[in-house]
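All of these numbers come straight from a predicted model, not from anything done at the bench. Note that ligands are numbered from 1 as they come in the structure, with each ligand's atoms numbered from 1 the same way.
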Amino acid sequence: MSLSYEFQHRVKILSGHHSLEQLPKELQDLGVVRPLIISDEMLKKIGVLQSVLDVLMKEGEKEIPCFTNVPVDSSSDIVNEIGKVYHKLSCDGLIAVGGGSVIDTAKGVKMLLSQEVHDLLELVGCETIKRGIKIPFVVIPTTSGTGSEATLVAVIKYVAKKVKMEFISYHLQPDVAILDSCMTKTLPPRITASTGMDTLCHAIEAYTCLQKNPISDAYATAAIALIRDNLYKAVANGNNKRVRLAMANASTMAGAAFSNSMVGLVHAIGHALGGECHIPHGDAMNILLPYVMRYNRSILDEQYGDLLIYFAGADVYAATPKKERGKRMIQEVRKLQKRLHHRCGLPLTLKEIHPDPIDFELVAQKAMNDGAILVNPKKAEKDDIIRILEAAYGKKGGRL
Ligand SMILES: NC(=O)c1ccc[n+]([C@@H]2O[C@H](COP(=O)([O-])OP(=O)(O)OC[C@H]3O[C@@H](n4cnc5c(N)ncnc54)[C@H](O)[C@@H]3O)[C@@H](O)[C@H]2O)c1
Ligand SMILES: [Fe+2]
């Protein structure tokens, strides 16, 4: 771990069973009178968006502009379209109500508006995002997975090139994140499981990536303990408000951790699989995680061993000899995956969700070009990634 480090977490968090009620006051504090709500069609259909509108209407609002046409893994085209809507409707702030796809789309819109450009692609590259015009931004997550409400990252698809672009800037972080247990109670068990495994992956990669530091470690390990106690319960009983809120907190904490220490090889390969084969982010994270841990173990054994106490508890940690702890941690991750697989069908191999052959060469090349690979503590070559992909696919003889 480097002796000098940088840690930034400027998002105001409002977490609780009724924290949504505080939205009008937060908007008032931010000086917003005509926000544009960004959400998706599913959340509109099942009434999750309505619960946010109800809170605003209680305060006397009559008509609130909404854009709900955000697809899973949004694109730069959608971001550009929403930018035009924002201007046309004379809005003065953004509210994202959704999972990572919606939140990252809203971050894209914030970038576009604050930098005064018309096409998000103009902002691809390093150090392109300056402070710019202030666009007040509130995020209300409806999944407990990406932690995007706390991160300086936005992942947005460039459809023509079949790649997921990563934008990284402190100016992307929202002003306020509202974590309310009622926002995730409709999340089906299968998505609860895969998004929760994304959170676990953020925490494990945050704890092991090259920019780790004492503060990101504290957030990451606390998130892991919450996942241990609450993820399976949230999948088994989605109406349990206490565990839903605990998972929302875990997701935000893991987001704050990785926003500062960054994520590594699991995400580099997962982004490539998402861009090329449309594999949902949480599913990709869940499937790849143990294979990448096995790959990294030759140099991360001790750090994985440290995590055993948070993930499996003090008794298991104490009963496991020091030199066995790293291996045991990977086994414990596998054990949770199998329980979730039996409970809600969470896939364990890529071929379960993508029965067609995958061009491993192409995916591996895209993973090599992903920024996340730079902070993975063990260097990975294209052939290493192909071996990980073959094993994760469930290919006969593909072992790691
Ligand atoms: N910016 C970051 O820091 C970061 C980190 C990790 C992942 N990501 C990105 O986030 C995206 C994935 O986000 P996600 O995993 O949250 O899923 P998602 O936003 O893609 O949503 C998945 C599905 O769940 C539905 N859904 C969401 N909330 C629901 C609810 N409360 N009830 C019922 N259905 C609900 C959505 O309508 C959608 O169909 C990917 O594009 C990924 O690359 C971003
Ligand atoms: Fe992720």
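- Residue H267 has no N or O atom closer than 3.5 Å to an N or O atom of ligand 1.
- Ring to ring, F7 and Y219 are close: their centroids are under 6.0 angstrom apart.
- The nearest non-hydrogen atom to atom 7 (C) of ligand 1, considering only M197, K45, E166, H281, comes from H281.
- Scanning V97, I191, I156, L187 for the heavy atom closest to atom 23 (C) of ligand 1 points to I191.
- No cation-pi contact links R228 to Y310, judged by a cut-off of 6.0 Å to the six-membered ring centre and 45° from its axis.
- Vertex the Fe ion (ligand 2), arms ending at NE2 of H281 and OD1 of D198: the angle is 90° after rounding to 10 degrees.
- At a threshold of 2.8 Å, the Fe ion (ligand 2) has a backbone or side-chain N, O or S atom of H267 nearer than that distance.
- A heavy-atom distance below 4.5 Å is not found between the side chains of L94 and V138.
- Remark: minimum distance from atom 3 (O) of ligand 1 to any protein heavy atom is reached at T151 OG1, 2.8 Å.
- At least one heavy atom of H202 sits closer than 4.0 Å to an atom of ligand 1.
- Every N/O-N/O distance between T146 and ligand 1 stays at or above 3.5 Å.
- Within the 4.5 Å cutoff, the side chain of N296 has no heavy atoms near those of the T208 side chain.
- Closest N/O/S atom of H202 to the Fe ion (ligand 2): NE2.
- Heavy atoms from both the backbone and the side chain of T186 come within less than 4.0 Å of ligand 1.
- Between D73, V153, V263, T195, it is D73 that holds the heavy atom closest to atom 41 (O) of ligand 1.
- On a distance-only criterion, T184 and ligand 1 share no N/O pair closer than 3.5 Å.
- In terms of protein heavy-atom proximity, atom 28 (N) of ligand 1 is nearest to T142 OG1, 2.8 Å.
- Of all the heavy atoms of I103, none lies under 4.0 Å from any atom of ligand 1, so neither backbone nor side chain is involved.
- Taking the centre of each ring, H202 and H267 come in below the 6.0 Å mark.
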